[in-house]
Amino acid sequence: MASVTLEKIYKYYPGSEDPAVIGVDLEIKDKEFVVLVGPSGCGKSTTLRMVAGLEEISKGTIRIGERIVNDVPPKDRDIAMVFQNYALYPHMTVYKNMAFGLKLRRFSKDEIEKRVMEAARMLSIEDYLDRKPKQLSGGQRQRVAVGRAIVRQPQVFLFDEPLSNLDAKLRVQMRNEIGKLHAKLQTTMIYVTHDQVEAMTMGDRIVVMKDGVIQQVDDPITLYDNPRNKFVAGFIGSPPMNFLNGGIEEEDGKLFFNEQNVRVEISGKKAQALRNLGGDIDRTKMTMGIRPEDFYDPDFVRAREGDQLVPFTAEVEIVEPMGAESYLYLTTGKSPIVARVDAHVKAELGQKKDLVVNIEKAHFFKDGELGDRVA
């Protein structure tokens, strides 16, 4: 097993002035499961392919364990990669697909059979070993692709959006299977996805990228509770965080956030944190972020210790029942808002709905798409 270290990694493509990956510094510990996540084109797959050796790095250093692998060909890096499109040989059986890499490396017939059967049992595909890929479902093909990686017993597993071709139910199932595999194999795994739910449920740590730059690296809970900037806050969470653009004002010793038709009192520790901001921060241009689950109907919640519940009123545009809860799509007249509330909360289209917000859970950001969180 091995750690993976990226030091000041850049990637320039011919004909493009802007790098696809910019100064990536990342240390992945031995046996860690790290997920690279971000929107399409953010550089996550390019970063993974550079670790694999499928893309040359333009600048920087990549280490697998103690070995610098910048100029080491992919086959000699002791890694195994699982691709989005499975990359199975259509004319070979499942057994031969899984055994092919070992055969090329001149493993004995007995060793090949031992490894293939062990991986097949682990992935519950023993009954499919004589079939060809076209006879398998998408989920079964993905299992074969994972099995082909497992038999190599590499130092590092690389996954490039391996579940994106599967339906929702299979994705959940395969997420669980890969998580179990990591626990069983105790191998370093690097996983790329654009799906933040996958990232939150699978990773020991999550690397959020945008435009080739790492925005934040943290464990899932820290990332969710303490996003570094507005982009991370909006990308992580489903439904995403609500943003209101306005400013902070003080009146009669109280702090308020104002956004055109919205005026929200800020109290408790959050008010103190805003009062302690340095003078270089423009309080008149600020974004307030509130997660959908931090809106409540006052008839269905009682404040817990530390909560600061303040009034918030908005017009109901859509009610989306989800079973145990409902999503209320609201508008303040300027900003769209999503509130995730108890399913029994009554709301009618066009109604002015009186809710409360736990202002202690609100986040305040500097102006701009990448505005840093200040409180």
Side-chain angles (χ1 to χ4, degrees), residues 33-40 44-45 48 80-88 90 93-94 97-98 119-151 157-185 187 189-208 219-221 223-224 235-241 291-293 318-329 338 340-343:
F33 195 127
V34 167
V35 180
L36 308 184
V37 68
S40 297
K44 56 190 185 296
S45 287
L48 190 79
M81 190 159 179
V82 180
F83 296 91
Q84 178 179 350
N85 62 357
Y86 319 133
L88 301 177
T93 63
V94 167
N97 262 284
M98 292 172 68
R121 280 192 295 272
M122 203 179 290
L123 294 163
S124 301
I125 54 174
E126 309 106 297
D127 295 340
Y128 311 127
L129 291 175
D130 293 329
R131 297 188 189 181
K132 291 186 177 177
K134 67 180 180 182
Q135 298 171 287
L136 304 177
S137 68
Q140 290 163 349
R141 290 180 199 177
Q142 193 55 273
R143 279 191 166 90
V144 176
V146 173
R148 186 176 55 187
I150 289 172
V151 297
F157 283 91
L158 307 177
F159 295 87
D160 190 7
E161 305 216 33
L163 310 184
S164 58
N165 290 338
L166 305 181
D167 63 43
K169 186 177 179 181
L170 265 178
R171 279 204 302 272
V172 173
Q173 186 179 336
M174 284 302 298
R175 279 204 314 253
N176 294 336
E177 294 295 333
I178 292 172
K180 288 177 188 174
L181 273 176
H182 179 249
K184 190 176 294 185
L185 298 173
T187 310
M189 292 186 175
I190 308 174
Y191 188 104
V192 160
T193 181
H194 64 274
D195 184 336
Q196 55 92 18
V197 174
E198 271 183 34
M200 292 290 286
T201 54
M202 297 177 76
D204 297 326
R205 284 191 302 153
I206 300 172
V207 181
V208 183
D219 65 87
I221 294 301
L223 201 67
Y224 192 79
F235 192 83
I236 298 296
S238 180
M241 184 180 285
R291 294 207 180 274
E293 61 269 27
I318 301 173
V319 179
E320 195 172 78
M322 302 294 288
E325 58 192 16
S326 293
Y327 294 168
L328 305 185
Y329 290 83
V338 182
R340 194 163 78 189
V341 298
D342 188 281

ask   = Under the side-chain contact (heavy atoms from CB on, under 4.5 Å) criterion, do M81 and D160 qualify, and how do the steps go?
value = CA-CA 8 Å; M81 190 159 179; D160 190 7; 3.9 Å; yes
T93 OG1 to Q135 CD distance, which is reported to the nearest 0.5 Å = 10.0 Å
ask   = Can you find a pair of side-chain heavy atoms, one from V319 and one from L328, that are under 4.5 Å apart?
value = yes
inquiry  = Minimum heavy-atom separation for M202 and I178, please, with both atom names.
reply    = CE-CG2, 3.7 Å
ask   = Parallel, tilted or perpendicular: which fits the ring planes of Y329 and Y327, with parallel below 30° and perpendicular above 60°?
value = perpendicular
ask   = Quick one: does V146's side chain get under 4.5 Å of F157's, heavy atoms only?
value = no
Non-hydrogen atoms of D167 and L170 that approach each other most closely = OD1-N, 2.8 Å
message = Treating E177 as the side-chain partner and L123 as the backbone partner, does any N or O pair qualify as donor plus acceptor under 3.5 Å?
response = no
key: T201 OG1 to N176 CG distance, which is reported to the nearest 0.5 Å   = 8.0 Å
remark   = Per side-chain contact (heavy atoms from CB on, under 4.5 Å), V94 is matched among L88, V144, D127, D130 by V144
message = In the structure I gave you, are the side-chain heavy atoms of M322 and R340 within less than 4.5 Å of one another anywhere?
response = no
request  = Report yes or no: is the cationic atom of R291 (NZ for Lys, CZ for Arg) under 6.0 Å from the centre of the six-membered ring of Y224, at an angle within 45° of the ring normal?
outcome  = yes
request  = Determine the minimum heavy-atom distance between A119 and I150, stating which atoms define it.
outcome  = CB-CG2, 4.0 Å
message = Does I125 form a side-chain contact (heavy atoms from CB on, under 4.5 Å) with M98? I'd like the steps, not just the answer.
response = CA-CA 11 Å; I125 54 174; M98 292 172 68; 3.9 Å; yes
task = Mind checking the OG1-NE2 spacing from T187 to H182? Nearest 0.5 Å is all I need.
result = 7.0 Å
key: From CA spacing to verdict: side-chain contact (heavy atoms from CB on, under 4.5 Å), M122, L185   = CA-CA 10 Å; M122 203 179 290; L185 298 173; 4.0 Å; yes
message = Just verifying a value: how many Å separate E161 CD and Y191 OH, rounded to the nearest 0.5 Å?
response = 8.5 Å
ask   = Nearest 0.5 Å, what's the NE2-NZ distance between H194 and K44?
value = 7.5 Å
ask   = Could you give the distance from NZ (K132) to CG (N97), rounded to the nearest 0.5 Å?
value = 10.5 Å
inquiry  = Please determine whether side-chain contact (heavy atoms from CB on, under 4.5 Å) holds for the pair R148 and V82, giving the CA-CA distance in whole Å, both sets of side-chain angles, and the decisive distance to 0.1 Å.
reply    = CA-CA 9 Å; R148 186 176 55 187; V82 180; over 6 Å; no
ask   = Taking the side chain as C-beta and beyond, is there a heavy-atom pair between L136 and Y128 under 4.5 Å?
value = yes
inquiry  = Looking at every non-hydrogen atom in both residues, tell me the closest pair between P162 and V192 and how far apart they are.
reply    = CD-O, 4.1 Å
remark   = Tightest non-hydrogen contact, residues L129 and A120, listed as CD2-CB, 4.1 Å
task = Quick one: closest heavy-atom pair of P133 and P90, and the distance?
result = CD-O, 3.8 Å
message = Taking the side chain as everything from C-beta on, heavy atoms only, tell me whether M200 gets closer than 4.5 Å to V197.
response = no
